[in-house]
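First listed ligand is number 1; within each ligand, the first listed atom is number 1.
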Amino acid sequence: MSPIKECIKRKKVNTNPIWIMRQAGRYLPEFRKIRKKNPDFIKLCLNKNIVPEITLQPLRRFDFDAAIIFSDILMLPYGLGQNVKFTKGFGPSLDKTSIKLMKSVNKGEFFKKLNPVYKSLNIVSKNKLLKNKDLIGFVGAPWTILVYMQNRQSPKKTKALNNFSFKKTFTQTEEIKVIKIITNFLKLHIKKQVENGATLIQIFDSWAELLRTEKAREKFIYRPNKELVDYTKKLGVPVICFPRGVENYKRFCNVAKPDAVSIDYNVNPKKIIKQIDIPVQGGLNPKVLLGDKDKIKKEALKYLEIFNDHPYIFNLGHGILPETDPEKVKYLVNLVKDFK
Ligand code: CP3
């Protein structure tokens with residue numbers, strides 16, 4: 001059994017498994033070289049001749065316990081007929097969409113558009129580098145996808161600290177309808193990833209923090225995540241949820257019941273360990289990797305020690321920053337592997 005699965009199944013492990021969110025990407029010079037030659041990001045995600053190699057790049061350098069397929073959560077709106085563009089320094093821009101447009105897309109068209117993603121998974125899943133390691137497939141959670149579909153770009157940080165603004169295109173009643181459509185297509189997307197070799201699914205609810213009341217979180221975060229978790233478990237594959245900034249991780253875990261929960265860097269690890277008993281992943285602030293080795297050691301050991309008697313998958317509290325030096329990643333991986 002792979003180290004991550006052993007951890008999830010609460011088997012005694014000698015060392016903590018480790019992988020890093022956004023591990024295949026911009027902090028690696030070998031990725032930047034490929035990216036330079038492929039200015040269209042969506043096209044790159046759909047290139048089955050290149051995606052398997054990008055997915056494996058981090059494993060060629062570091063002893064990670066998983067590869068994550070090189071793709072994006074915004075492939076879903078793309079599959080639903082909403083074009084997506086990425087601009088340097090700005091991030092994603094999405095075309096307008098409507099319920100009518102979404103409803104006009106059938107399964108066959110959706111699969112046809114995203115087929116290269118599944119093909120790439122199929123190719124990487126056979127690679128020897130993945131022996132006894134997991135291949136992670138992923139989706140954005142329905143709420144996070146809805147935010148991008150309506151706002152058509154990343155939510156903006158407003159001047160008031162910790163406050164974000166985002167546009168709504170749909171009324172509340174429409175929002176519920178759209179969440180349903182999105183959820184159904186997310187299920188198909190999960191199923192195809194699993195059928196093509198994903199051995200683990202992670203659900204990113206990157207904008208969970210935008211909802212400030214329990215009532216709204218119940219409707220848009222907890223229950224939609226639960227629906228996808230149940231669905232993925234039925235496929236026989238473990239599922240990790242990352243409800244970034246959700247505030248009430250306890251309630252999230254009680255309702256959604258993922259196999260493991262990934263915590264963001266604002267979560268107090270000592271507190272969370274008292275609140276939830278499922279395996280935990282992540283937490284370390286990605287900024288720590290921009291500091292010197294002493295700082296990295298101090299911060300990483302903090303997590304390793306707190307989670308010493310709790311099933312724990314080492315990871316960061318959000319994606320790795322593009323300016324991270326790969327040498328620091330190597331240092332971190334060795335540190336985690338040498339612990340205990
Ligand atoms: O290495 C990996 O983790 C696999 C690939 C992966 C990407 N995006 C590639 C990518 C994964 C798992 C994602 C998830 C993703 N995408 C999320 C959830 C995680 C999170 O960060 O909260 C979100 C919100 C997106 C949407 C998205 N994609 C944004 C906002 C941006 C622009 C800003 C940024 O972070 O780069 C992207 C672009 C993107 N996705 C890049 C990569 C490697 C950079 C593209 C480039 O080179 O310009």
Trainee: Identify, for atom 37 (C) of ligand 1, the protein heavy atom at the shortest distance, and state residue, atom and that distance.
Mentor: F86 CE2, 3.2 Å

Trainee: Output, in order, the C-alpha distance, side-chain angles, deciding distance and verdict of side chain to side chain donor-acceptor pair (under 3.5 Å) for Y222 and E214.
Mentor: CA-CA 9 Å; Y222 307 151; E214 274 302 279; 2.9 Å; yes

Trainee: Does a side chain donor of either N47 or K43 reach within less than 3.5 Å of an acceptor in the other side chain?
Mentor: no

Trainee: Please write down residue, atom name and distance for the protein heavy atom closest to atom 11 (C) of ligand 1.
Mentor: F138 CZ, 3.6 Å

Trainee: Hey, does S154 sit under 4.0 Å from ligand 1 if you only count heavy atoms?
Mentor: yes

Trainee: Given 3.5 Å as the limit, does a donor-acceptor pair link the side chain of R26 with the main chain of P322, or not?
Mentor: no

Trainee: How close does the nearest protein non-hydrogen atom get to atom 43 (C) of ligand 1, and which residue and atom is it?
Mentor: F70 CE1, 3.6 Å

Trainee: Among protein heavy atoms, which lies nearest atom 4 (C) of ligand 1, and at what distance?
Mentor: I69 O, 3.6 Å

Trainee: Mind telling me whether F62 and Y27 have parallel, tilted or perpendicular rings, with 30° and 60° as the class edges?
Mentor: parallel

Trainee: Do you see a donor-acceptor pair shorter than 3.5 Å between the side chains of Q57 and Q23?
Mentor: no

Trainee: I'd like the name of whichever of P39, G245, S206 reaches closest to atom 22 (O) of ligand 1 through any heavy atom.
Mentor: S206

Trainee: Do any nitrogen or oxygen atoms of Q23 lie less than 3.5 angstrom from nitrogen or oxygen atoms of ligand 1?
Mentor: yes

Trainee: Out of curiosity, is Y148 lining ligand 1, as in a heavy atom under 4.0 Å away?
Mentor: yes

Trainee: As an exercise, identify every atom of ligand 1 less than 4.0 angstrom from a heavy atom of R26.
Mentor: 34 (C), 35 (O), 36 (O), 44 (C), 46 (C), 47 (O)

Trainee: Among all protein heavy atoms, pick the one closest to atom 29 (C) of ligand 1 and tell me residue, atom and distance.
Mentor: P92 CD, 3.8 Å

Trainee: Parallel, tilted or perpendicular, judged at 30° and 60°: which one describes the rings of Y312 and F314?
Mentor: perpendicular

Trainee: Measure up the H318 and F242 rings against each other and bin them: parallel (under 30°), tilted (30 to 60°), perpendicular (over 60°).
Mentor: tilted

Trainee: Search all heavy atoms of T15 against all heavy atoms of K337 and return the closest pair with its distance.
Mentor: CG2-O, 3.0 Å

Trainee: When you look for heavy atoms under 4.0 Å from ligand 1, do you find them on the side chain of H318, its backbone, both, or neither?
Mentor: side chain

Trainee: Which residue and atom name correspond to the protein heavy atom nearest atom 10 (C) of ligand 1, and how close is it?
Mentor: F41 CZ, 3.4 Å

Trainee: Check ligand 1 against R35 and write out every atom of the ligand that is under 4.0 Å from a heavy-atom position of the residue.
Mentor: 45 (C), 46 (C), 47 (O), 48 (O)

Trainee: Does the N or O separation between D72 and ligand 1 drop below 3.5 Å for any pair?
Mentor: yes

Trainee: Looking only at distances, can you tell me whether any N or O atom of A24, backbone or side chain, sits closer than 3.5 Å to an N or O atom of ligand 1?
Mentor: yes

Trainee: Can you list the atoms of ligand 1 that are under 4.0 Å from a heavy atom of S71?
Mentor: 5 (C), 6 (C), 7 (C), 8 (N), 9 (C)

Trainee: Whether K113 and E109 form a salt bridge (side-chain N of Lys/Arg under 4.0 Å from carboxylate O of Asp/Glu) is what I want to check.
Mentor: no

Trainee: Are side-chain N/O atoms of T144 and D205 paired as donor and acceptor at under 3.5 Å?
Mentor: yes

Trainee: Counting only heavy atoms from other residues, nucleotides and ligands, does the tally under 6.0 Å from NZ of K119 exceed 12?
Mentor: no

Trainee: Please state which protein non-hydrogen atom is closest to atom 15 (C) of ligand 1 and give its distance, to 0.1 Å?
Mentor: R22 NH2, 3.2 Å

